[in-house]
Amino acid sequence: MKILVTGGTGYIGSHTVVELQNSGYEVVIIDNLSNSIIEVNDNIEKITGVRPEFQNIDLCDSTALAEFFKKQNDISAVIHFAAFKAVGESVNFPLRYYHNNVTGMINLLNELVKKGIRDFVYSSSCTVYGEADKLPVTEESPVKKAESPYGFTKQIGEQMLWDLSAVSDLRSVILRYFNPTGAHDSSLIGELPVGIPNNLVPYITQTAIGKREMLTVNGNDYDTPDGTNIRDYIHVVDLAKAHVLALKRMLDRSSEENVEIFNLGTGRGNSVLEVITSFEKVTGLKLNYRIGTRRSGDVVSIYSDTKKANEILGWYAERDLNDMMLTSWNWQKHIGKD
Ligand code: WQD
(Lines give C-alpha, C1' and ligand atoms only; values in the text may rest on other atoms or scores of the structure.)
Protein backbone atom coordinates (compact mmCIF):
# COMPACT_ATOMS: atom_id res chain seq x y z
CA MET A 1 0.00 0.00 0.00
CA LYS A 2 1.26 3.48 -0.91
CA ILE A 3 1.08 6.23 1.70
CA LEU A 4 1.56 9.95 0.99
CA VAL A 5 3.51 11.69 3.77
CA THR A 6 3.46 15.48 3.51
CA GLY A 7 6.39 17.05 5.36
CA GLY A 8 8.08 13.65 5.27
CA THR A 9 11.65 15.03 5.32
CA GLY A 10 10.89 16.88 8.56
CA TYR A 11 11.65 15.77 12.11
CA ILE A 12 8.55 13.70 12.96
CA GLY A 13 7.79 13.01 9.30
CA SER A 14 11.14 11.34 8.59
CA HIS A 15 10.90 9.11 11.67
CA THR A 16 7.37 8.14 10.61
CA VAL A 17 8.51 7.32 7.05
CA VAL A 18 11.10 4.93 8.57
CA GLU A 19 8.46 3.17 10.66
CA LEU A 20 6.03 2.99 7.69
CA GLN A 21 8.71 1.38 5.52
CA ASN A 22 9.66 -0.96 8.38
CA SER A 23 5.99 -2.01 8.41
CA GLY A 24 5.99 -2.75 4.66
CA TYR A 25 4.25 0.36 3.36
CA GLU A 26 5.42 2.13 0.20
CA VAL A 27 5.92 5.86 0.85
CA VAL A 28 5.85 8.98 -1.32
CA ILE A 29 6.95 12.22 0.35
CA ILE A 30 6.01 15.71 -0.69
CA ASP A 31 7.87 18.49 1.06
CA ASN A 32 8.89 22.05 0.13
CA LEU A 33 12.16 21.72 2.12
CA SER A 34 11.39 25.01 3.93
CA ASN A 35 12.38 23.44 7.24
CA SER A 36 14.30 20.29 6.21
CA ILE A 37 16.95 19.12 3.75
CA ILE A 38 16.69 16.71 0.83
CA GLU A 39 19.58 14.57 2.20
CA VAL A 40 17.06 13.21 4.74
CA ASN A 41 15.89 10.90 1.92
CA ASP A 42 19.43 9.45 1.69
CA ASN A 43 19.47 8.85 5.44
CA ILE A 44 16.04 7.20 5.43
CA GLU A 45 17.37 4.87 2.71
CA LYS A 46 20.48 4.14 4.82
CA ILE A 47 18.26 3.14 7.74
CA THR A 48 15.61 1.09 5.93
CA GLY A 49 17.30 0.17 2.65
CA VAL A 50 14.36 1.69 0.80
CA ARG A 51 14.50 5.17 -0.74
CA PRO A 52 11.13 6.94 -0.47
CA GLU A 53 9.73 8.55 -3.63
CA PHE A 54 10.15 12.32 -3.16
CA GLN A 55 8.62 15.41 -4.81
CA ASN A 56 9.59 18.96 -3.86
CA ILE A 57 6.11 20.50 -3.74
CA ASP A 58 4.65 23.34 -1.69
CA LEU A 59 1.07 22.61 -0.59
CA CYS A 60 0.27 26.29 -1.21
CA ASP A 61 1.04 25.77 -4.91
CA SER A 62 -2.35 24.30 -5.86
CA THR A 63 -1.32 23.87 -9.52
CA ALA A 64 1.77 21.81 -8.69
CA LEU A 65 -0.23 19.83 -6.13
CA ALA A 66 -2.97 19.04 -8.68
CA GLU A 67 -0.29 17.97 -11.19
CA PHE A 68 1.20 15.64 -8.55
CA PHE A 69 -2.14 13.99 -7.78
CA LYS A 70 -2.94 13.60 -11.50
CA LYS A 71 0.12 11.34 -11.78
CA GLN A 72 -0.53 9.42 -8.54
CA ASN A 73 -3.23 6.75 -8.79
CA ASP A 74 -2.39 4.33 -5.99
CA ILE A 75 -2.23 6.44 -2.83
CA SER A 76 -4.23 4.62 -0.13
CA ALA A 77 -3.92 7.18 2.67
CA VAL A 78 -2.24 10.43 3.68
CA ILE A 79 -0.29 11.42 6.79
CA HIS A 80 -0.13 15.22 6.92
CA PHE A 81 2.84 16.79 8.74
CA ALA A 82 3.71 19.71 6.43
CA ALA A 83 3.20 22.89 8.47
CA PHE A 84 5.16 25.64 10.19
CA LYS A 85 5.39 24.90 13.91
CA ALA A 86 7.31 27.57 15.81
CA VAL A 87 5.03 29.14 18.40
CA GLY A 88 7.02 32.37 18.83
CA GLU A 89 7.49 32.85 15.07
CA SER A 90 3.74 32.45 14.53
CA VAL A 91 3.09 35.39 16.89
CA ASN A 92 5.44 37.59 14.83
CA PHE A 93 4.26 36.36 11.40
CA PRO A 94 0.59 35.30 11.79
CA LEU A 95 -0.41 35.59 8.12
CA ARG A 96 2.55 33.45 7.04
CA TYR A 97 1.28 30.76 9.44
CA TYR A 98 -2.38 31.04 8.40
CA HIS A 99 -1.44 30.89 4.72
CA ASN A 100 1.00 28.01 4.99
CA ASN A 101 -0.81 25.85 7.53
CA VAL A 102 -4.45 26.50 6.61
CA THR A 103 -4.37 27.22 2.84
CA GLY A 104 -1.90 24.38 2.40
CA MET A 105 -4.23 21.98 4.18
CA ILE A 106 -7.28 23.20 2.21
CA ASN A 107 -5.43 22.56 -1.06
CA LEU A 108 -4.46 19.09 0.11
CA LEU A 109 -7.97 18.16 1.26
CA ASN A 110 -9.44 19.42 -2.03
CA GLU A 111 -7.20 17.02 -3.91
CA LEU A 112 -8.09 14.09 -1.63
CA VAL A 113 -11.81 14.65 -2.14
CA LYS A 114 -11.26 14.87 -5.91
CA LYS A 115 -9.28 11.60 -5.90
CA GLY A 116 -11.60 9.83 -3.45
CA ILE A 117 -8.75 9.22 -0.97
CA ARG A 118 -10.56 8.64 2.30
CA ASP A 119 -7.98 8.08 5.04
CA PHE A 120 -6.19 11.00 6.62
CA VAL A 121 -3.89 11.16 9.65
CA TYR A 122 -3.48 14.69 10.96
CA SER A 123 -0.55 16.01 12.96
CA SER A 124 -2.06 18.12 15.73
CA SER A 125 -0.71 19.29 19.05
CA CYS A 126 -1.44 19.42 22.77
CA THR A 127 -1.26 23.18 22.22
CA VAL A 128 -4.98 23.02 21.42
CA TYR A 129 -5.67 22.41 25.13
CA GLY A 130 -3.99 25.66 26.25
CA GLU A 131 -3.76 25.84 30.08
CA ALA A 132 -5.90 22.83 31.02
CA ASP A 133 -8.14 23.11 34.10
CA LYS A 134 -7.54 19.48 35.02
CA LEU A 135 -4.46 17.28 34.54
CA PRO A 136 -3.74 14.89 32.99
CA VAL A 137 -5.57 16.05 29.83
CA THR A 138 -7.79 13.56 28.04
CA GLU A 139 -9.14 13.82 24.48
CA GLU A 140 -12.35 15.12 26.01
CA SER A 141 -10.56 17.97 27.81
CA PRO A 142 -11.89 21.27 26.46
CA VAL A 143 -10.05 22.90 23.57
CA LYS A 144 -9.16 26.35 24.89
CA LYS A 145 -8.55 29.63 23.08
CA ALA A 146 -5.24 29.13 21.25
CA GLU A 147 -2.22 30.79 22.87
CA SER A 148 -0.66 31.50 19.44
CA PRO A 149 -1.52 31.67 15.73
CA TYR A 150 0.33 28.36 15.39
CA GLY A 151 -1.94 26.72 17.94
CA PHE A 152 -4.97 28.26 16.25
CA THR A 153 -3.97 26.82 12.87
CA LYS A 154 -3.98 23.37 14.52
CA GLN A 155 -7.47 24.00 15.89
CA ILE A 156 -8.68 25.20 12.48
CA GLY A 157 -7.20 22.07 10.88
CA GLU A 158 -9.06 19.83 13.32
CA GLN A 159 -12.35 21.67 12.73
CA MET A 160 -11.92 21.42 8.94
CA LEU A 161 -11.72 17.63 9.28
CA TRP A 162 -14.93 17.47 11.34
CA ASP A 163 -16.79 19.69 8.85
CA LEU A 164 -15.49 17.92 5.74
CA SER A 165 -16.13 14.40 7.04
CA ALA A 166 -19.76 15.39 7.63
CA VAL A 167 -20.26 15.94 3.89
CA SER A 168 -17.75 13.59 2.27
CA ASP A 169 -16.25 10.11 2.65
CA LEU A 170 -13.15 11.52 4.36
CA ARG A 171 -12.18 9.72 7.59
CA SER A 172 -9.50 11.18 9.87
CA VAL A 173 -7.43 10.37 12.87
CA ILE A 174 -6.23 13.46 14.71
CA LEU A 175 -3.04 12.87 16.70
CA ARG A 176 -2.35 15.45 19.40
CA TYR A 177 1.38 15.31 20.15
CA PHE A 178 2.79 16.41 23.44
CA ASN A 179 6.47 17.40 23.32
CA PRO A 180 8.33 15.38 20.70
CA THR A 181 12.05 14.94 21.42
CA GLY A 182 14.89 12.45 20.96
CA ALA A 183 16.22 10.97 17.70
CA HIS A 184 16.56 7.69 15.82
CA ASP A 185 19.05 5.22 17.37
CA SER A 186 21.13 5.36 14.18
CA SER A 187 21.71 9.12 14.71
CA LEU A 188 21.09 9.44 10.95
CA ILE A 189 17.84 11.41 11.37
CA GLY A 190 16.75 13.83 14.07
CA GLU A 191 15.57 17.37 14.73
CA LEU A 192 17.24 19.95 12.45
CA PRO A 193 16.15 23.32 13.85
CA VAL A 194 16.71 26.20 11.42
CA GLY A 195 18.38 29.11 13.24
CA ILE A 196 18.03 29.61 17.00
CA PRO A 197 15.97 26.70 18.39
CA ASN A 198 12.63 27.58 19.96
CA ASN A 199 12.36 24.24 21.69
CA LEU A 200 14.10 23.26 24.92
CA VAL A 201 15.92 20.06 23.97
CA PRO A 202 17.65 21.25 20.79
CA TYR A 203 18.73 24.34 22.71
CA ILE A 204 20.18 22.10 25.44
CA THR A 205 22.14 19.95 22.97
CA GLN A 206 23.38 22.99 21.00
CA THR A 207 24.58 24.56 24.27
CA ALA A 208 26.31 21.32 25.28
CA ILE A 209 28.15 21.05 21.96
CA GLY A 210 29.22 24.71 22.12
CA LYS A 211 27.01 26.08 19.33
CA ARG A 212 25.12 28.21 21.90
CA GLU A 213 26.74 30.00 24.82
CA MET A 214 24.17 29.25 27.51
CA LEU A 215 20.63 27.94 27.96
CA THR A 216 18.17 30.32 29.56
CA VAL A 217 15.49 28.63 31.64
CA ASN A 218 12.33 30.63 31.00
CA GLY A 219 11.32 31.30 34.58
CA ASN A 220 11.45 29.31 37.83
CA ASP A 221 8.67 31.09 39.71
CA TYR A 222 5.79 28.96 38.46
CA ASP A 223 3.47 27.04 40.76
CA THR A 224 5.28 23.70 40.24
CA PRO A 225 7.52 21.68 42.59
CA ASP A 226 10.75 23.24 41.32
CA GLY A 227 9.19 26.39 39.86
CA THR A 228 9.81 25.49 36.19
CA ASN A 229 7.26 24.49 33.55
CA ILE A 230 6.14 20.88 33.26
CA ARG A 231 5.71 19.11 29.90
CA ASP A 232 5.06 15.57 28.65
CA TYR A 233 8.15 14.77 26.56
CA ILE A 234 7.68 11.87 24.16
CA HIS A 235 10.35 10.07 22.12
CA VAL A 236 9.94 10.76 18.40
CA VAL A 237 10.27 7.02 17.59
CA ASP A 238 7.39 6.19 19.95
CA LEU A 239 5.43 8.96 18.25
CA ALA A 240 6.26 7.60 14.78
CA LYS A 241 5.08 4.10 15.72
CA ALA A 242 1.74 5.52 16.87
CA HIS A 243 1.17 6.91 13.36
CA VAL A 244 1.56 3.46 11.82
CA LEU A 245 -0.94 1.99 14.29
CA ALA A 246 -3.41 4.84 13.65
CA LEU A 247 -3.07 4.34 9.90
CA LYS A 248 -3.58 0.57 10.22
CA ARG A 249 -6.70 1.10 12.31
CA MET A 250 -8.19 3.28 9.56
CA LEU A 251 -7.17 1.03 6.68
CA ASP A 252 -8.60 -1.98 8.53
CA ARG A 253 -11.85 -0.02 8.90
CA SER A 254 -11.75 -0.85 12.60
CA SER A 255 -13.57 2.28 13.64
CA GLU A 256 -17.15 3.41 13.11
CA GLU A 257 -16.16 7.04 13.69
CA ASN A 258 -15.42 9.49 10.88
CA VAL A 259 -13.04 11.41 13.11
CA GLU A 260 -11.03 10.00 16.04
CA ILE A 261 -8.70 11.92 18.33
CA PHE A 262 -5.75 10.48 20.28
CA ASN A 263 -3.36 12.11 22.73
CA LEU A 264 0.20 10.95 22.13
CA GLY A 265 2.27 11.46 25.23
CA THR A 266 3.88 9.33 27.94
CA GLY A 267 1.43 10.35 30.68
CA ARG A 268 4.42 11.63 32.68
CA GLY A 269 5.22 15.30 33.26
CA ASN A 270 8.81 16.53 33.64
CA SER A 271 9.98 20.03 34.56
CA VAL A 272 12.62 21.98 32.66
CA LEU A 273 15.10 21.41 35.49
CA GLU A 274 14.35 17.66 35.47
CA VAL A 275 15.10 17.58 31.74
CA ILE A 276 18.42 19.34 32.37
CA THR A 277 19.24 16.92 35.21
CA SER A 278 18.45 13.94 32.97
CA PHE A 279 20.63 15.35 30.19
CA GLU A 280 23.57 15.90 32.56
CA LYS A 281 23.16 12.40 34.00
CA VAL A 282 23.19 10.52 30.67
CA THR A 283 25.96 12.62 29.12
CA GLY A 284 28.13 13.21 32.16
CA LEU A 285 28.29 16.88 31.09
CA LYS A 286 27.59 19.99 33.14
CA LEU A 287 25.14 22.18 31.22
CA ASN A 288 25.75 25.93 31.20
CA TYR A 289 22.39 27.53 32.01
CA ARG A 290 20.87 30.44 33.88
CA ILE A 291 17.41 31.24 35.16
CA GLY A 292 15.71 33.95 33.10
CA THR A 293 12.26 35.47 32.93
CA ARG A 294 9.04 33.74 31.92
CA ARG A 295 8.31 33.27 28.18
CA SER A 296 4.91 34.66 27.16
CA GLY A 297 2.45 32.04 25.98
CA ASP A 298 3.92 29.23 28.08
CA VAL A 299 1.39 27.09 29.93
CA VAL A 300 2.50 26.20 33.47
CA SER A 301 2.02 22.48 33.23
CA ILE A 302 0.56 19.93 30.82
CA TYR A 303 0.80 16.17 30.48
CA SER A 304 -1.42 13.56 28.89
CA ASP A 305 -3.82 10.82 29.83
CA THR A 306 -2.77 8.11 27.38
CA LYS A 307 -5.52 5.57 28.15
CA LYS A 308 -7.36 5.98 24.84
CA ALA A 309 -4.30 5.43 22.64
CA ASN A 310 -3.18 2.56 24.89
CA GLU A 311 -6.52 0.75 24.75
CA ILE A 312 -7.75 1.54 21.24
CA LEU A 313 -4.50 1.76 19.27
CA GLY A 314 -2.69 -0.74 21.44
CA TRP A 315 0.11 1.84 21.58
CA TYR A 316 2.36 2.53 24.57
CA ALA A 317 5.25 5.01 24.82
CA GLU A 318 8.23 2.77 25.59
CA ARG A 319 11.18 5.16 25.85
CA ASP A 320 11.97 7.31 28.88
CA LEU A 321 13.40 10.79 29.37
CA ASN A 322 16.98 9.55 29.76
CA ASP A 323 16.73 7.77 26.40
CA MET A 324 15.32 10.93 24.82
CA MET A 325 18.28 12.92 26.14
CA LEU A 326 20.85 10.32 25.09
CA THR A 327 19.53 9.98 21.52
CA SER A 328 19.18 13.77 21.23
CA TRP A 329 22.80 14.17 22.31
CA ASN A 330 24.07 11.40 19.97
CA TRP A 331 22.23 13.12 17.11
CA GLN A 332 23.73 16.51 18.00
CA LYS A 333 27.22 14.97 18.07
CA HIS A 334 26.50 13.43 14.65
CA ILE A 335 25.53 16.77 13.06
CA GLY A 336 28.15 18.75 14.98
CA LYS A 337 27.93 22.42 15.78
CA ASP A 338 28.08 24.12 12.34
C1 WQD B 1 9.22 23.55 26.75
C2 WQD B 1 9.58 24.27 28.04
C3 WQD B 1 9.84 26.63 27.78
C4 WQD B 1 13.43 26.79 25.43
C5 WQD B 1 5.97 23.81 21.67
C6 WQD B 1 4.68 23.88 20.90
C7 WQD B 1 4.15 22.48 20.69
C8 WQD B 1 5.20 21.66 20.03
C9 WQD B 1 6.45 21.61 20.91
C10 WQD B 1 4.98 21.67 17.66
C11 WQD B 1 8.83 25.59 28.21
C12 WQD B 1 11.14 25.98 28.25
C13 WQD B 1 12.34 26.32 26.14
C14 WQD B 1 14.48 27.44 26.13
C15 WQD B 1 13.31 27.11 28.18
N16 WQD B 1 5.51 22.19 18.75
N17 WQD B 1 12.29 26.47 27.49
N18 WQD B 1 14.39 27.57 27.48
O19 WQD B 1 6.46 25.40 24.15
O20 WQD B 1 6.01 23.22 25.40
O21 WQD B 1 5.70 23.31 22.95
O22 WQD B 1 6.90 22.98 21.04
O23 WQD B 1 4.18 20.78 17.58
O24 WQD B 1 3.01 22.58 19.87
O25 WQD B 1 3.75 24.59 21.66
O26 WQD B 1 7.98 23.37 23.89
O27 WQD B 1 10.41 23.04 23.98
O28 WQD B 1 9.51 25.34 23.37
O29 WQD B 1 9.32 24.54 25.72
O30 WQD B 1 13.24 27.23 29.41
O31 WQD B 1 15.50 27.88 25.54
O32 WQD B 1 10.97 24.60 28.00
O33 WQD B 1 9.67 27.90 28.39
O34 WQD B 1 8.57 25.79 29.58
P35 WQD B 1 6.50 23.91 24.20
P36 WQD B 1 9.37 24.09 24.18
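We count ligands from 1, going down the list as the structure has it; atoms in each ligand are counted the same way.
- We find that K134 and D305 are not joined by a salt bridge, their nearest charged nitrogen and carboxylate oxygen being 4.0 Å or further apart.
- At a 4.0 Å heavy-atom cut-off, the residues surrounding ligand 1 are K85, V87, S125, T127, Y150, N179, N198, N199, L200, Y203, L215, T216, V217, N218, N229, R231, Y233, V272, R295, D298, listed by chain and number.
- Between F152 and Y98, the ring planes lie perpendicular to each other; the angle is over 60°, past the 30° to 60° tilted range.
- Classification of K286 and E280 as a salt-bridged pair holds, one side-chain N sitting under 4.0 Å from a carboxylate O.
- Salt bridge annotation for R268-D232: absent, with no cationic side-chain nitrogen under 4.0 angstrom from a carboxylate oxygen.
- Between E257 and K308 there is no salt bridge, since no side-chain nitrogen of the basic residue lies less than 4.0 Å from a carboxylate oxygen of the acidic one.
- Note on D119 versus R253: salt bridge recorded, some NZ/NE/NH1/NH2 to OD/OE distance being below 4.0 Å.
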